[in-house]
Engineer: 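I'd like to ask you about the structure that follows.
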There are 2 protein chains.
Amino acid sequence: MTLQHDPRQNHLLAALSRDEYQCLAPHLEWAELKLGDSLVESGKVMHHVYFPTDSIVSLLCVMEDGDSTEIAVVGAEGIVGISLFMGGETTPSRAIVQSAGSAYRLRGQLLKDEFDRSSTLQHLLLRYTQALITQMAQTAVCNRHHSLDQQLCRWLLLSLDRLPTNELVMTQELIANMLGVRREGVTESAGKLQRAGLISYHRGHIRILDRPGLEARVCECYAVVKKEYDRLLSYHRPG
Amino acid sequence: MTLQHDPRQNHLLAALSRDEYQCLAPHLEWAELKLGDSLVESGKVMHHVYFPTDSIVSLLCVMEDGDSTEIAVVGAEGIVGISLFMGGETTPSRAIVQSAGSAYRLRGQLLKDEFDRSSTLQHLLLRYTQALITQMAQTAVCNRHHSLDQQLCRWLLLSLDRLPTNELVMTQELIANMLGVRREGVTESAGKLQRAGLISYHRGHIRILDRPGLEARVCECYAVVKKEYDRLLSYHRPG
DNA sequence: CATACTGTGTACGCTAGCGCACGGAAGCGA
DNA sequence: TCGCTTCCGTGCGCTAGCGTACACAGTATG
């Protein structure tokens with residue numbers, strides 16, 4: 001196992017004790033996630049959970065007419081497939097790779113067994129789930145009350161927090177799908193940010209130039225979510 | 001304990017086995033919930049969880065400027081205070097009584113102990129939490145894509161499902177707070193429903209006259225949520 | 001080098017919902 | 001009975017975002 005591909009780049013796996021990690025490690029399977037890959041389909045039984053390391057996965061709620069909205073985003077701090085240990089087996093939402101990279105996956109049954117056996121793992125995952133719930137709630141209120149400009153800033157910052165670089169590979173069309181708005185709306189808002197010197201983008205590549213500038217424009221929702229993630233997931237890395 | 005006030009009117013308590021229920025029963029404390037009571041305040045440590053019997057509680061996300069949005073609603077099918085067993089202790093959202101009635105409350109520590117001890121209770125609560133997550137996700141997408149008319153229908157139906165009667169005590173002002181819209185907007189949408197003969201209302205009392213009519217107007221979000229609740233919470237009542 | 005496609009810019013009319021302001025009617029309390 | 005508050009109706013101008021249409025520049029493909 002190279003350093004480049006270390007499962008413990010995922011914060012949840014990193015938070016496990018040596019013993020607990022050794023239990024799971026042999027079953028962790030490296031997976032390359034490509035942009036647009038679907039990890040979870042609405043109503044389909046999942047066979048694996050995914051622990052992203054340097055990839056980002058979006059949880060989307062898709063409606064009959066194809067309109068969609070991102071309800072949460074998962075990076076190295078989290079896990080994709082919570083319904084496996086929550087007991088529902090399936091969910092009505094989808095999980096799409098938003099930023100290509102790596103993840104480690106684990107057969108659902110193995111995770112469930114360990115979830116029931118180890119109260120440490122259980123508490124860890126439940127705290128993470130609560131953070132996810134906060135993100136979803138804040139997304140709902142943000143959708144309702146804030147301008148597209150602010151939501152775009154929030155989205156960029158949430159993505160940035162989950163990336164090793166300050167460049168994200170993402171077309172305006174895709175961002176529009178995530179935010180549940182028109183592509184033209186994203187063009188306009190992104191144009192404002194570019195003219196303000198906060199970002200620069202070119203054909204699917206967005207570079208963040210002035211992060212503090214984005215933070216000055218974003219609505220409170222970003223801070224609320226970040227604070228709650230920090231509060232709930234600030235465990236120490238054991239050996 | 002009279003039949004009128006039976007804790008097992010709450011579906012979660014009703015789903016427990018006789019033994020498990022007997023464990024908790026001595027500690028269940030009857031509570032009268034009045035319209036507008038706050039059960040959970042943002043960031044405050046909660047000392048109790050609440051099992052509504054014939055009351056309805058709204059989970060709200062409130063922002064700095066006072067604007068709010070309901071992210072989920074809890075009735076006899078659920079429990080208020082999931083962050084106690086999820087491990088976070090607090091949440092950034094509020095829980096407000098939306099329809100007066102009864103609930104049974106339990107000290108948080110007792111629930112936590114039992115949650116860790118009994119895997120049945122644990123699975124029950126986690127499945128419920130997953131249903132709640134679905135409701136929140138669907139609320140987010142509904143906020144984004146559907147008209148106020150449709151959202152009002154969804155809200156009425158979700159409330160109706162949790163009420164023994166077809167009349168709800170609720171001003172348009174309060175509904176506006178829940179949906180995160182203007183009061184005037186609710187007046188207009190409710191007026192349409194009234195003119196169509198689906199509901200009738202008068203100074204804070206709304207009576208539903210034609211439920212199928214509402215179901216014909218509501219967006220798909222209502223059905224998605226209801227189906228998921230049925231799927232996840234359709235346990236048999238043990239003795 | 002021609003062609004097609006993908007990603008972005010722009011414009012224009014349209015509508016839902018907002019903010020505000022006001023009026024009126026029902027109920028409640030002194 | 002009077003006065004006050006709560007609740008609902010209505011109107012008006014405004015704006016953000018929608019739907020649509022089209023232009024154009026990179027990029028890939030033949």
Side-chain angles (χ1 to χ4, degrees), chain A residues 34-36 63 65-70 98-99 140-156 167-196 199-207 217 219, chain B residues 34-36 63 65-70 98 100 140-156 167-196 199-207 217 219:
Chain A
K34 299 200 185 103
L35 182 62
M63 295 190 307
D65 62 4
D67 279 355
S68 63
T69 299
E70 182 182 85
Q98 178 207 306
S99 179
V141 69
C142 197
N143 278 356
R144 169 61 77 200
H145 291 290
H146 295 142
S147 70
L148 178 49
D149 287 17
Q150 292 181 302
Q151 291 182 47
L152 179 59
C153 288
R154 171 176 63 82
W155 191 88
L156 288 172
E167 171 164 339
L168 55 173
V169 179
M170 177 66 42
T171 65
Q172 301 186 349
E173 176 85 40
L174 285 176
I175 297 181
N177 284 146
M178 303 288 178
L179 294 180
V181 298
R182 282 185 320 153
R183 195 267 312 161
E184 292 89 332
V186 174
T187 301
E188 216 172 316
S189 283
K192 286 186 205 169
L193 295 181
Q194 172 143 279
R195 285 190 289 278
I199 66 174
S200 83
Y201 60 91
H202 179 69
R203 294 187 71 75
H205 293 254
I206 305 180
R207 193 167 337 142
R217 294 197 172 211
C219 49
Chain B
K34 299 200 185 104
L35 181 62
M63 295 188 309
D65 62 4
D67 279 354
S68 63
T69 299
E70 182 182 85
Q98 177 206 306
V141 69
C142 196
N143 279 356
R144 168 62 76 200
H145 291 291
H146 296 141
S147 70
L148 178 48
D149 288 16
Q150 291 181 303
Q151 292 182 46
L152 179 59
C153 288
R154 172 175 62 82
W155 192 88
L156 288 172
E167 172 164 338
L168 55 176
V169 180
M170 177 65 41
T171 65
Q172 301 187 348
E173 176 83 41
L174 285 177
I175 297 181
N177 285 146
M178 303 288 178
L179 295 180
V181 299
R182 282 185 320 153
R183 196 265 314 161
E184 294 90 328
V186 175
T187 300
E188 216 171 316
S189 283
K192 285 186 205 169
L193 295 181
Q194 172 144 278
R195 284 190 290 278
I199 66 174
S200 83
Y201 59 90
H202 180 68
R203 294 189 71 74
H205 293 253
I206 304 180
R207 193 168 335 143
R217 294 197 171 211
C219 49

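Atom set for the values below is all heavy atoms of this structure, side chains included, hydrogens, waters and symmetry mates excluded. Sequence lines set the chain letters: A, B, ... in the order given, protein chains first and strands last, and positions in each chain run from 1. Keep in mind that this is a model prediction, so the values were computed, not measured.
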Engineer: Which angle, rounded to 10°, do you find between the first-five-pair axis and the last-five-pair axis of the helix from dC1(C)-dG30(D) to dA30(C)-dT1(D)?
Structural biologist: 30°

Engineer: About how many Å separate CG of Leu148(A) and SG of Cys153(A), when rounded to the nearest 0.5 Å?
Structural biologist: 9.5 Å

Engineer: Please tabulate, one pair per line, all N/O donor-acceptor pairs under 3.5 Å involving side-chain atoms of residues 168-181 of chain A, not counting sequence neighbours.
Structural biologist:
| from | atom 1 | to | atom 2 | distance (Å) |
| --- | --- | --- | --- | --- |
| Thr171(A) | OG1 | Leu174(A) | N | 3.2 |
| Gln172(A) | OE1 | Thr187(A) | OG1 | 2.6 |
| Gln172(A) | NE2 | Tyr201(A) | OH | 3.4 |

Engineer: What string of B, S and - do you get for nucleotides 25-30 of chain D 5' to 3' if you count protein non-hydrogen atoms under 4.0 Å?
Structural biologist: BBS---

Engineer: Measure the CE-NE2 distance between Met63(A) and His146(B) for me, rounded to the nearest 0.5 Å.
Structural biologist: 3.5 Å

Engineer: Report the distance from atom CG of Leu193(B) to atom C1' of dC8(D), rounded to the nearest whole Å.
Structural biologist: 15 Å

Engineer: Just jot down the side-chain contact (heavy atoms from CB on, under 4.5 Å) partners of Arg182(B), sequence neighbours excluded, or say none.
Structural biologist: Glu184(B)

Engineer: Working to the nearest 0.5 Å, report the span between CG of Leu152(B) and NZ of Lys192(B).
Structural biologist: 10.0 Å

Engineer: Find the distance Met170(A):CE to dT6(C):P and express it as a whole number of Å.
Structural biologist: 17 Å

Engineer: Measuring from Leu193(A):CG to Ile199(A):CD1, what's the distance to the nearest 0.5 Å?
Structural biologist: 4.5 Å

Engineer: For Arg217(B), check side chain to side chain donor-acceptor pair (under 3.5 Å) against everything at least two apart and list the hits.
Structural biologist: none

Engineer: Quick one: what's the B/S/- string for nucleotides 9-20 of chain C, heavy-atom cutoff under 4.0 Å, read 5' to 3'?
Structural biologist: BB------SBBB

Engineer: Tell me the interatomic distance from Gln150(A), atom CD, to dG17(D), atom C1', rounded to whole angstroms.
Structural biologist: 15 Å

Engineer: Quick one: side chain to side chain donor-acceptor pair (under 3.5 Å) partners of His205(B), sequence neighbours excluded?
Structural biologist: Glu167(B)

Engineer: With Gln151(A), which residues qualify under side chain to side chain donor-acceptor pair (under 3.5 Å), at least two apart?
Structural biologist: Arg144(B)

Engineer: Figure out the NE2/P separation between His205(A) and dT6(C), and round it to whole Å.
Structural biologist: 16 Å

Engineer: So, using side-chain contact (heavy atoms from CB on, under 4.5 Å) as the criterion, who are the partners of Glu188(B) when residues are at least two apart?
Structural biologist: none

